[in-house]
There are 2 protein chains.
Amino acid sequence: MATEIPDIVIGRLPIYLRELRRLQAEHDKLTTSSHELGERLGISSAQIRKDLSHFGEFGKQGTGYHIGYLVDQLCQILHLDQVWPVVLVGAGSLGTALAYYDGFRPRGFEIRWIFDTDPSKIGHEINGMCIQAISELEETIARHKIAVAIIATPASAAQEVTDFLIESGIKAILSYAPLHLSAPAGVHISYSDPVTELQRMTYYLG
Amino acid sequence: MATEIPDIVIGRLPIYLRELRRLQAEHDKLTTSSHELGERLGISSAQIRKDLSHFGEFGKQGTGYHIGYLVDQLCQILHLDQVWPVVLVGAGSLGTALAYYDGFRPRGFEIRWIFDTDPSKIGHEINGMCIQAISELEETIARHKIAVAIIATPASAAQEVTDFLIESGIKAILSYAPLHLSAPAGVHISYSDPVTELQRMTYYLG
DNA sequence: TAGATTGTTAATCGATTAACAATC
DNA sequence: TAGATTGTTAATCGATTAACAATC
């Protein structure tokens with residue numbers, strides 16, 4: 001029982017959740033089907049049903065899925081029945097944009113601390129948060145039991161920052177630095193590098 | 001022959017390329033091996049050799065791969081032997097951060113035009129580029145034969161912007177808007193949504 | 001030569017899809 | 001009831017890995 005659920009399945013759950021919330025916002029309909037959801041996402045209905053079936057039986061034959069109920073279930077599965085406090089490292093233009101982004105909070109995350117090494121930035125405010133020195137990072141993470149971090153530093157600093165975050169207790173990192181980061185098992189890392197994404201697409205262009 | 005190369009393989013090529021450039025920058029070594037590259041990226045050496053073998057024989061038994069040569073080959077395969085001009089739609093804080101990002105140019109892309117709908121932004125400059133009205137988008141794309149676009153608008157505008165970009169001739173879109181976009185076959189879309197990435201990771205956290 | 005490493009084959013592993021009984 | 005849709009099984013499809021002959 002409870003055999004390991006593939007990571008690729010986990011990765012689709014937030015996509016399902018996102019689209020279900022859109023359905024909630026757009027319609028007054030209370031239910032949807034794997035077919036409708038699949039249509040909207042470009043995913044086969046069979047795959048959606050199979051993915052969900054790893055976690056339980058959330059639908060009803062003949063009528064489909066109750067949207068609100070499925071949203072609740074997915075939130076529970078993904079541990080989104082809380083708001084995760086997040087530390088941001090790097091207060092450059094990308095870090096600043098992230099600090100102002102209002103899309104985190106309604107979906108379960110909140111950047112609450114910003115760190116940078118640049119002495120000329122420390123003490124300045126971004127979106128109500130005071131930029132702090134990296135030297136205060138460890139204590140902040142420990143005191144508030146923070147598990148999630150975002151790295152928006154130059155590539156040259158990213159591995160060092162990663163090591164330090166992990167030492168301090170961080171378990172999940174989203175990195176915007178364009179390089180592979182080393183981390184021990186049990187620490188999760190996601191990447192966002194616009195250039196690798198663009199390069200993948202230009203393969204297909206003349 | 002030349003059977004369809006899996007998209008998942010294409011997606012790894014930019015990662016290989018990125019790491020090879022790091023090797024170039026860090027060392028004076030001229031060659032590397034699938035083992036070394038795999039070690040650095042957390043990918044099996046067999047997979048790297050298999051991926052590359054789709055495109056030719058780039059290595060030498062006993063010595064491995066000449067780094068500079070492999071970089072050149074990957075650039076050719078990915079059509080990076082040119083700089084792709086890019087239009088950016090959305091001049092909010094994320095769009096602004098992207099407009100200032102200096103990591104595009106050395107890796108084959110250059111944001112050269114910025115568009116927004118907000119009349120109060122139009123005419124202002126970001127990194128030397130004048131923010132233009134969306135109404136000028138079509139002509140700009142046609143005149144300069146632009147194939148690549150980045151969307152940094154709110155979700156509510158993104159599908160409309162996408163449709164317009166595609167109508168105007170865009171073939172590859174990187175979208176930061178948190179929703180699935182519909183597009184006809186032949187148009188390539190990549191997504192970057194920090195929240196879905198974070199949500200995938202919190203699944204694994206208590 | 002001896003050691004290292006490739007490119008490739010075959011085996012394994014995993015993910016997706018098609019189909020359908022169950023049932024709302 | 002008839003139509004719709006689920007959850008699940010088995011079949012298909014695709015990707016990864018292990019192993020090794022070839023060879024630098």
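Here is how names work: the chains are called A, B, and so on, in the same order as the sequence lines, proteins then strands, and each is numbered from 1. Given the structure is predicted, the values throughout are model-derived calculations rather than measurements.
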- Query: Under the salt bridge (Lys or Arg N to Asp or Glu O under 4.0 Å) criterion, do Arg40(B) and Glu26(B) qualify, and how do the steps go?
  - Reply: CA-CA 13 Å; Arg40(B) 293 177 62 117; Glu26(B) 285 174 17; 3.2 Å; yes
- Task: Output yes when at least one side-chain N/O atom of Arg12(B) is less than 4.0 Å from OP1 or OP2 of dT16(D), else no.
- Result: yes
- Starting at atom CD1 of Ile48(B), determine the distance to atom P of dT17(D), rounded to an integer number of angstrom. 11 Å
- Item | Ring center gap for Trp84(A) and His79(A) short of 6.0 angstrom | no
- Note on the structure: Residues Thr196(B) and Asp193(B): closest non-hydrogen pair is OG1-O, 2.9 Å
- Query: Under a 3.5 Å cutoff on both atom distances, Watson-Crick or G-U, what's the dot-bracket for DNA chain D ([ ] crossing, | other strand)?
  - Reply: ..||||||||||||||||||||||
- Query: Sub-3.5 Å donor-acceptor pair from the side chain of Thr202(A) to the main-chain atoms of Leu205(A), do we have one?
  - Reply: no
- In whole angstroms, how far is the P atom of dA19(D) from the CD atom of Gln47(B)? 17 Å
- Item | Where protein sits on nucleotides 2-11 of chain D, one letter per nucleotide: B base, S sugar-phosphate only, - none, heavy atoms under 4.0 Å | --BBBBBB--
- In short, Leu78(A) meets Leu17(A) closest at the heavy-atom pair CD1-CD2, 4.2 Å
- Message: I'd like to know if the side chain of His144(B) reaches the main chain of Thr140(B), judged simply by a donor and an acceptor atom lying under 3.5 Å from each other, with no hydrogens or angles considered.
- Response: yes
- Are Asp163(A) and Gln159(A) close enough that a side-chain donor and a side-chain acceptor fall under 3.5 Å? yes
- Could you check how far CD1 of Ile43(A) sits from P of dA18(C), rounded to whole Å? 15 Å
- Message: To check you understand the geometry: which heavy-atom pair defines the closest contact between Pro184(B) and Ile166(B), and what is its length?
- Response: CD-CD1, 3.9 Å
- Task: Rounded off to whole Å, could you give me the CG-to-P distance for the Asp51(A) and dG14(C) pair?
- Result: 17 Å
